[in-house]
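Below is one structure, written out as structure tokens; the observations come after it.
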Amino acid sequence: MDKARAAADDRKREYRVEELAEAAGITTRTLRFYRERKLLQPPRKEGRIAWYGEEHLARLRMIGELLERGHTLGGITELIGAGESGRDVAGLIGLEAAIIAPWSDETPVRLTWDELKDTFGDQLTDENTAESLAQGYITVTDDGITHISRRLMDATTALVAEGVPLSAVLDASRRTQAHVDAVAEIFIDVVTDHILGALSADSPLPPGEAARLTERILRVRPLARTVVDAQFAIAMDRRVNAEYDELLRHRRENGGEDESEDKGEDEDGSPAGTEGDSTGGDSEA
């Protein structure tokens with residue numbers, strides 16, 4: 001009986017602002033910010049004192065978990081509003097997770113300045129470092145750099161080892177980045193217009209629609225990489241063949257000019273096929 005009463009009393013426990021913030025592991029400033037954003041339901045007022053209950057603590061813990069999973073405060077606000085209006089919160093959480101799930105699985109790599117000097121020699125200039133920094137691939141510390149992608153760093157190192165200047169690699173990287181950003185925008189437009197159009201509507205999603213959209217997103221995501229990989233391979237075939245044909249044509253034209261020059265004159269300057277003086281000393285009969 002005493003245990004039951006204690007459990008009931010615990011469920012009815014109320015907190016003041018400082019106590020609730022401490023129980024949730026946040027600051028009072030953060031708690032008040034959540035209240036201003038309407039992420040937290042109103043407290044019970046007793047005079048000038050605001051009292052919070054276990055439902056407030058549960059809400060704060062849920063917000064913390066969603067933030068850890070990568071949700072934005074705007075998205076959390078929408079999810080809370082959906083739950084309060086009886087919509088499928090679990091489905092919306094799954095849909096948001098599918099939409100914002102990382103596409104890149106790159107592994108960062110850290111290199112000291114000595115390691116970079118050994119790799120790039122005198123090409124490790126302030127200009128090249130600044131260019132890589134501007135492209136967003138590295139962060140710089142006193143001890144060295146951290147590159148966001150081991151694969152890209154390995155590719156850069158290999159190209160430089162093959163004789164491609166580091167500045168040329170960085171220039172190609174900048175130009176490539178602009179093109180892949182444009183490709184990504186094309187796919188975003190296609191998915192937004194033809195798959196996620198329902199999210200832009202003012203009305204709530206019908207029951208089960210969030211789960212259906214999640215399944216579609218999960219099916220479409222790998223198709224984007226497939227299309228880009230196939231298109232790039234086809235484009236490389238087309239460009240390589242065109243450039244090689246142009247190289248052969250150029251060599252044939254240059255070779256043909258040399259050959260005609262060789263056939264046009266003998267060493268003494270007389271037309272090919274003649275024997276010096278055409279009047280000849282042997283013309284006497």
Side-chain angles (χ1 to χ4, degrees), residues 98-111 115-140 144-197 214-259:
I99 293 174
I100 67 174
W103 285 74
S104 170
D105 56 359
E106 300 299 324
T107 302
V109 57
R110 174 160 180 75
L111 296 169
E115 291 171 325
L116 291 166
K117 189 68 176 178
D118 291 341
T119 301
F120 298 114
D122 58 6
Q123 296 189 67
L124 184 63
T125 62
D126 291 342
E127 291 78 9
N128 286 335
T129 301
E131 176 61 24
S132 186
L133 190 62
Q135 293 185 32
Y137 289 121
I138 66 170
T139 55
V140 178
I145 64 103
T146 298
H147 198 293
I148 63 173
S149 169
R150 178 179 291 276
R151 290 196 302 170
L152 287 176
M153 188 66 198
D154 289 346
T156 298
T157 301
L159 287 169
V160 171
E162 293 295 336
V164 181
L166 178 58
S167 59
V169 175
L170 291 172
D171 178 65
S173 172
R174 176 176 288 278
R175 292 158 58 196
T176 300
Q177 194 176 65
H179 288 293
V180 295
D181 281 347
V183 171
E185 186 174 350
I186 291 172
F187 276 100
I188 292 296
D189 289 343
V190 169
V191 172
T192 300
D193 294 342
H194 302 287
I195 296 180
L196 297 179
T214 300
E215 292 175 356
R216 295 183 70 187
I217 288 294
L218 294 177
R219 290 196 298 267
V220 167
R221 280 175 64 100
L223 297 180
R225 291 199 177 197
T226 299
V227 170
V228 172
D229 182 63
Q231 291 274 27
F232 178 71
I234 292 170
M236 285 297 294
D237 285 341
R238 183 167 57 244
R239 293 297 302 158
V240 166
N241 288 330
E243 290 295 324
Y244 188 63
D245 288 344
E246 177 64 19
L247 176 64
L248 291 179
R249 185 188 66 78
H250 181 73
R251 288 178 62 84
R252 282 196 300 268
E253 288 181 354
N254 288 343
E257 291 173 1
D258 294 341
E259 188 176 343

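Hydrogens, waters and symmetry mates are skipped; everything else that's a heavy atom, side chains included, is used. Numbering of residues begins at 1 and proceeds along the displayed sequence.
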The single option from Thr125, Thr157, Asn128 passing side-chain contact (heavy atoms from CB on, under 4.5 Å) against Phe120: Thr157

Do His147 and Leu111 make a side-chain contact, defined as non-hydrogen atoms from C-beta onward lying under 4.5 Å apart? no

Are Pro165 and Gln123 side-chain neighbours, meaning at least one heavy-atom pair lies under 4.5 Å? yes

Spacing of Thr192 atom OG1 and Phe187 atom CZ [to the nearest 0.5 Å]: 12.5 Å

N-O pairing of Asp171 and Arg175 below 4.0 Å: yes

How far apart are the closest heavy atoms of Gly136 and Ile148, and which atoms are they? O-CD1, 3.9 Å

Taking all non-hydrogen atoms of both residues into account, name the closest pair between Arg221 and Pro102 and its distance. NH2-O, 3.0 Å

Which atom pair, heavy atoms only, marks the closest approach of Leu218 to Ala98? CD2-CB, 4.1 Å

Taking side chain as C-beta onward, heavy atoms only, is Tyr137 less than 4.5 Å from Met153? no

To the nearest 0.5 Å, how far apart are CD1 in Ile234 and CG in Asp229? 9.5 Å

Over 12 non-hydrogen atoms of neighbours within 6.0 angstrom of CD in Gln177: yes

Quick one: closest heavy-atom pair of Asp122 and Lys117, and the distance? CA-NZ, 4.1 Å

Nearest-0.5 Å distance that lies between atom CG in Leu166 and atom CG in Leu159: 10.0 Å

Roughly how far, to the nearest 0.5 Å, is CG of Asp126 from CG of Leu133? 11.5 Å

Considering only heavy atoms from C-beta outward, does the side chain of Thr129 approach that of Ile138 to under 4.5 Å? yes

For the side-chain hydrogen bond (donor to acceptor under 3.5 Å, both in side chains) test, which of His250, Arg252, Arg251 pairs with Asn254? His250

Shortest non-hydrogen contact between Ser173 and Gln135, atoms and distance: OG-OE1, 2.6 Å

In the structure I gave you, are the side-chain heavy atoms of Leu196 and Ile217 within less than 4.5 Å of one another anywhere? yes

So, taking the atom named CZ in Arg219 and the one named OG1 in Thr214, what distance separates them when rounded to the nearest 0.5 Å? 10.5 Å

Flag yes if more than 12 heavy atoms outside Arg110 fall under 6.0 Å of its CZ atom; otherwise flag no. yes

Is the count of non-hydrogen atoms from other residues, nucleotides or ligands lying under 6.0 Å from Asp193 atom CG greater than 12? yes

